[in-house]
Amino acid sequence: MKEVIRSLIGEALRKCVDSGDIELSTEPEIVVEEPKEKKMGDFSTTVAMFLAKKERKNPKALAESLCRHLRACGGDVESVETAGPGFINLRMSRDFFLRRLLYAAELGDKFGSS
C-alpha cells in the first residue's frame, strides 16, 4: 500500500514541477508512514519538509502545493491536509482499501511472497 501512496505523491511532485511550484532536479526518497495518532489520517509524509531546503521554499507552502495536486489525483485519496510545519496527512478512500483486500484474497497463499 505504501508503494501506491509513494507513487501518488511522486505524481503530485511532477505536477508541482509542471505548474512551476518547484524545480526538483532529482526525485527525492518519499517516506510514507502511518501517523502515531489515527485521527491524523491513514498515512503521512514529510517530503515537503525534506524538499524545502533544496527548493529554498517554505515547507508548509510546499506541502499545500502537494496537497492541491493530491486532491486532484482521483478516487484513491478521500482527503489530504497539511499539519504543523509541513507534514502531509492522507486519508484514503474505502475503495482504495477494498481493492487491495480483494487483490490479496485473489492471490491467496501467494500474497506477500517475493
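Atoms considered below: every heavy atom in the structure, side chains included; atoms not considered: hydrogens, waters and symmetry mates. What you see is a predicted model, and the numbers here were worked out from it, not measured in a lab. Quick note: residue numbers are just sequence positions, from 1.
Under the 4.5 Å side-chain criterion, counting only non-hydrogen atoms from C-beta, Val77 is not in contact with Arg71. Val47 is not listed as a side-chain neighbour of Val31, based on a closest heavy-atom distance of 4.5 Å or more. The shortest distance between side-chain heavy atoms of Met92 and Ile5 falls below 4.5 Å. Using a 4.5 Å cut-off on side-chain heavy atoms (C-beta onward), Cys67 and Ile88 make contact. Residues Asp95 and Asp76 are not in side-chain contact: their nearest non-hydrogen atoms beyond the backbone lie 4.5 Å or more apart. Side-chain contact between Lys60 and Met49: absent, with no pair of heavy atoms (C-beta onward) separated by less than 4.5 Å.
Taking NZ from Lys57 and CD1 from Ile22, the interatomic distance works out to 8.5 Å, rounded to the nearest 0.5 Å. One finds the CZ atom of Phe97 at 4.0 Å from the CG atom of Asp42 (value rounded to the nearest 0.5 Å). Distance check: Thr46 OG1 to Glu33 CD gives 6.5 Å after rounding to the nearest 0.5 Å. Atom-to-atom distance recorded for Lys2:NZ and Ile30:CD1 is 14.0 Å, nearest 0.5 angstrom. Atom-to-atom distance recorded for Leu62:CG and Leu51:CG is 6.5 Å, nearest 0.5 angstrom.
A cation-pi arrangement is absent between Arg99 and Phe96, since the terminal nitrogen or guanidinium carbon is not both under 6.0 Å from the aromatic centre and inside a 45° cone about the axis.
Leu102 forms part of a hydrophobic cluster together with Leu98, judged by ILVMFWY side-chain heavy-atom separations under 4.5 Å. By the 4.5 Å side-chain criterion applied to Ile, Leu, Val, Met, Phe, Trp and Tyr, Leu107 is assigned to a cluster that also includes Tyr103, Phe111.
Of all the heavy atoms in Ala48 and Gly86, the pair that sits closest is CB-O, 3.7 Å. His69 and Lys15 make their closest contact through ND1-CB, 3.5 Å (heavy atoms, listed as atom of the first residue, atom of the second, distance). Between Arg94 and Glu78 the shortest heavy-atom distance is N-OE1, 4.5 Å. Heavy-atom minimum distance, Leu70 versus Leu8: CD2-O, 3.6 Å. Minimum heavy-atom separation, Cys16 to Ser65: SG-OG, 3.3 Å.
Looking at Arg91 and Glu81, no side-chain N of the basic residue comes within less than 4.0 Å of a carboxylate O on the acidic one, giving no salt bridge.
For Ser19 and Asp21, the side-chain atoms include at least one donor-acceptor pair closer than 3.5 Å.
Take Ala83 and apply the side-chain contact (heavy atoms from CB on, under 4.5 Å) test, not counting sequence neighbours, and it matches Met40, Phe87, Asn89.
Counting only distance, with no hydrogens or angles, the side chain of Glu55 and the backbone of Glu23 share a donor-acceptor pair below 3.5 Å.
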